[in-house]
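As structure tokens, the structure follows; a few thoughts come after it.
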Amino acid sequence: MSDTPHTDKPSATEKPSHFLQNILKRDLDEGQVTSITTRFPPEPNGYLHIGHAKSICLNFGLAEQFGGQCNLRFDDTNPEKESDEFVESIKRDVTWLGFEWAGDIRFTSDYFDTLHEWALELIRAGKAYVCDLSPDQAREYRGTLTEPGRNSPYRDRSVDENLALFEKMRAGEFAEGQCSLRAKIDMAAPNINLRDPVIYRIKKVRHHHTGDKWCIYPSYDFAHGQSDAIEGITHSICTLEFEDHRPLYEWFIANLPVPAEPKQYEFARLNVNYTVTSKRKLRQLVDEGHVDGWNDPRMPTISGMRRRGYTPAALRNFCERIGVTRSDSVVDVGMLEYCVRDDLDKNAPRAMCVLRPLKVTLTNYPEDKIETFVAPGHPNRDDFATRELPFSRTLYIDVEDFREEANKKYKRLVIGKRVRLRNAYVIEAEDCVKDADGNIIEVLARVIENTVGCDPEDGVKPKGVIHWVCGSNHIPCDVRLYDRLFIEANPGSGDTDFLQAINPESLQLLNNCMAEPSLVDAKPESAYQFEREGYFCLDEHYSEQGRAVFNRTISLRDSWAKISQQH
RNA sequence: UGGGGUGUAGCCAAGCGGUAAGGCAGCGGGUUUUGAUCCCGUCAUGCGAAGGUUCGAAUCCUUCCACCCCAGCCA
């Protein structure tokens with residue numbers, strides 16, 4: 001018999017499920033629900049960022065995993081801050097991430113008629129009243145965290161009076177802030193959200209979706225749960241700060257003739273170090289010109305990451321790896337970077353591009369000779385197209401790849417030493433030329449015969465491999481090197497301004513780069529690995545006809561940087 | 001000092017009374033025409049702390065501590 005120990009533990013490769021997956025599975029198993037419906041409910045008042053990506057992956061992912069559906073609903077109850085510009089960008093971001101919402105796009109504003117009817121319902125049941133307290137007075141009556149509130153003097157108006165007053169609110173007969181409709185719950189509740197919350201307020205503002213039809217708008221608390229019920233959402237997933245609102249969410253569901261009883265569940269929002277995700281801070285970065293718009297490649301917005309060259313697969317994998325829990329956490333940005341490199345390494349075709357060119361003249365190579373080498377598109381895959389590399393007497397290598405002399409740890413070109421030119425010959429440096437200031441402006445080297453695809457016949461192997469481009473046939477281009485936007489792990493912690501933590505070197509412009517000819521076909525958002533440098537993509541906004549501009553998505557992991565800094 | 005939450009390695013995170021998964025980062029080594037990738041090894045006598053129950057506790061009980069959220073007619 002086998003003596004292999006039996007175990008019920010999941011195998012090491014099996015990913016354990018998180019608490020929400022467990023809840024959905026339980027509800028399905030117990031027959032609480034027959035199918036799963038979730039929703040992603042952004043307010044169209046800003047661009048989506050990495051934190052939203054987590055929510056999108058969670059809500060759409062859960063629906064996908066359990067064979068259910070996920071709606072895209074714009075939570076547009078505050079017309080002062082919302083606009084169609086944001087609606088469009090959000091749709092694009094969700095689609096780009098690879099998700100498909102069920103049916104048409106929904107708007108909370110689609111339900112304003114029903115919501116208004118339900119407000120009337122509450123009034124008729126004596127569970128809501130029009131309150132004339134000003135915002136300031138309301139705050140005083142609300143009490144504090146440790147002291148109970150007091151009842152509003154308008155709390156006991158008759159149903160008829162409330163009905164008449166609410167109708168006047170709707171008809172625009174009152175000024176903003178003059179009165180509001182409040183749910184009559186409990187001014188002494190320890191949970192402040194239950195101290196007669198405002199459910200309708202006056203805003204004489206045109207709505208991006210309903211136009212001038214309304215001058216009163218429902219609050220988030222009054223709109224959200226009921227919208228979930230209307231759409232038949234089974235699991236309404238939100239972030240932890242809404243936990244205290246859950247009793248209120250349930251109160252409305254219990255006191256209104258809603259068609260379904262959705263349940264709210266909360267999870268911890270995503271935080272990433274060296275990054276900010278608050279809408280206020282992102283907006284400030286844009287408005288004050290610290291970055292070049294919401295889709296600046298340094299922004300943690302989905303549109304910024306897309307332009308930077310991050311891929312949907314990388315982002316989805318990241319969201320998968322960080323998990324879903326109820327504990328506050330700060331994910332290391334290195335985890336995100338790992339996911340980006342992981343996807344790009346597997347899928348980005350290779351190319352060579354010299355960022356800081358240094359001329360190399362091959363003294364023993366004929367003036368008029370040109371060879372063409374064929375290089376693989378990917379070192380570990382054979383399904384990529386090959387590319388042609390022209391080779392001539394004059395080449396360019398990176399200034400970092402040559403030194404007059406160096407210790408044995410330096411595995412690049414040194415006078416008297418050999419190096420392999422990637423996909424081409426081994427060469428040996430003989431001398432270099434300097435300008436009046438002593439800067440090296442040219443390297444003189446010789447080609448070692450018969451070294452394409454094999455080592456030198458004399459047995460002296462090259463120390464390393466460097467990239468290069470042909471001097472007479474390459475694409476001049478610009479490269480934008482990006483680094484993290486902030487130099488502090490938690491920008492703005494303590495009492496400092498987060499702007500003080502901005503990395504002054506988050507963008508480095510290189511205007512004299514040279515790319516191999518195959519890069520003429522580069523398209524925006526399609527990634528390349530510039531060998532030994534990192535992953536890059538063409539920038540659609542900065543590139544012009546005849547002048548390519550590449551964004552560095554992310555560098556390659558660089559163990560040499562660590563070694564060289566130690567000496 | 002009211003209410004609601006959360007504490008497992010530098011970071012994320014499994015674990016649900018039977019003796020601490022996995023990933024990221026780090027460190028050491030191997031392969032390599034990318035100092036990349038890949039591969040191998042290493043990394044918690046310890047689960048916020050202290051007591052208690054139990055043959056046995058990260059898991060149960062008690063007390064304490066720390067941190068997060070709530071006093072918008074924002075979401």
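Below, read A as the first sequence line, B as the second, and so on, with proteins coming before strands; counting in each chain starts at 1. Values reported hereafter were calculated over all heavy atoms of this structure, with side chains retained and with hydrogens, waters and symmetry mates removed.
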Length of the [atom1]-[atom2] vector between [X] and [N], whole Å:
X: A/Y141; N: B/G72; atom1: OH; atom2: P; result: 16 Å
X: A/E320; N: B/A14; atom1: CD; atom2: P; result: 12 Å
X: A/E140; N: B/G72; atom1: CD; atom2: P; result: 12 Å
X: A/H245; N: B/A71; atom1: NE2; atom2: C1'; result: 11 Å
X: A/D332; N: B/A13; atom1: CG; atom2: P; result: 13 Å
X: A/L270; N: B/A13; atom1: CG; atom2: P; result: 10 Å
X: A/D221; N: B/A75; atom1: CG; atom2: P; result: 8 Å
X: A/R269; N: B/U6; atom1: CZ; atom2: C1'; result: 16 Å

A/Y249/A/F242 aromatic ring centres below 6.0 Å |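 No, the ring of A/Y249 stays outside the 6.0 Å limit from the ring of A/F242, centre to centre.
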Is [N] paired to anything, Watson-Crick or G-U wobble with both distances less than 3.5 Å, and if yes, which nucleotide?
N: B/A58; result: none
N: B/U42; result: B/G26
N: B/C67; result: B/G5

What about [X]: does its side chain form a donor-acceptor pair under 3.5 Å with the base of [N]?
X: A/D244; N: B/G3; value: yes
X: A/R139; N: B/G72; value: no
X: A/E533; N: B/U34; value: no
X: A/R350; N: B/U34; value: yes

Can you check whether [X] has a side-chain N or O nearer than 4.0 Å to OP1 or OP2 of [N]?
X: A/R532; N: B/G35; value: yes
X: A/R341; N: B/U34; value: no
X: A/R246; N: B/G4; value: no
X: A/K562; N: B/G26; value: yes
X: A/K279; N: B/A75; value: no
X: A/S327; N: B/C68; value: no
X: A/Y338; N: B/C24; value: yes
X: A/R142; N: B/A71; value: no
X: A/R280; N: B/C74; value: no

Give A/V330 one of three labels, base, sugar-phosphate or nothing, depending on what nucleic acid heavy atoms sit under 4.0 Å from its own.
->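 Sugar-phosphate contact only - A/V330 comes under 4.0 Å of backbone atoms but never of a base.
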Identify, between A/T325 and A/R422, the residue whose nearest nucleotide on RNA chain B lies closer to the 5' end.
->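 In this pair, the answer is A/T325.
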For RNA chain B, whose closest nucleotide is more 5', that of A/S329 or that of A/G334?
->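 The 5'-side residue here is A/S329.
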Test A/D401 against every option in A/R356, A/R420, A/R532 by the salt bridge (Lys or Arg N to Asp or Glu O under 4.0 Å) rule and name the one that passes.
->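 Looking at A/R356, A/R420, A/R532, the match for A/D401 under the salt bridge (Lys or Arg N to Asp or Glu O under 4.0 Å) is A/R532.
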Residues from residues 198-210 of chain A sitting under 4.0 Å of RNA chain B, heavy atoms only?
->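 Close to the strand are A/V198, A/R201, A/K203.
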Measuring from the side chain of [X] (C-beta onward, heavy atoms only), which nucleotide among [options] has the closest atom?
X: A/D558; options: B/A36, B/A75, B/G35; result: B/G35
X: A/D75; options: B/C73, B/G23, B/A75; result: B/A75
X: A/L145; options: B/G35, B/C12, B/G2; result: B/G2

Gap in Å between the two P atoms, one belonging to B/G46 and one to B/U59, rounded |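 Here B/G46 and B/U59 have their P atoms 15 Å from each other.
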Could you check if the base of B/G72 is syn or anti? Syn means the glycosidic torsion is within 90 degrees of 0.
->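 Syn, which is what one calls it when the glycosidic angle falls within 90° of 0.
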Hey, is A/R350 close enough to A/E531 for a salt bridge, meaning N to O under 4.0 Å?
->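 Result for this pair is no, no salt bridge flagged.
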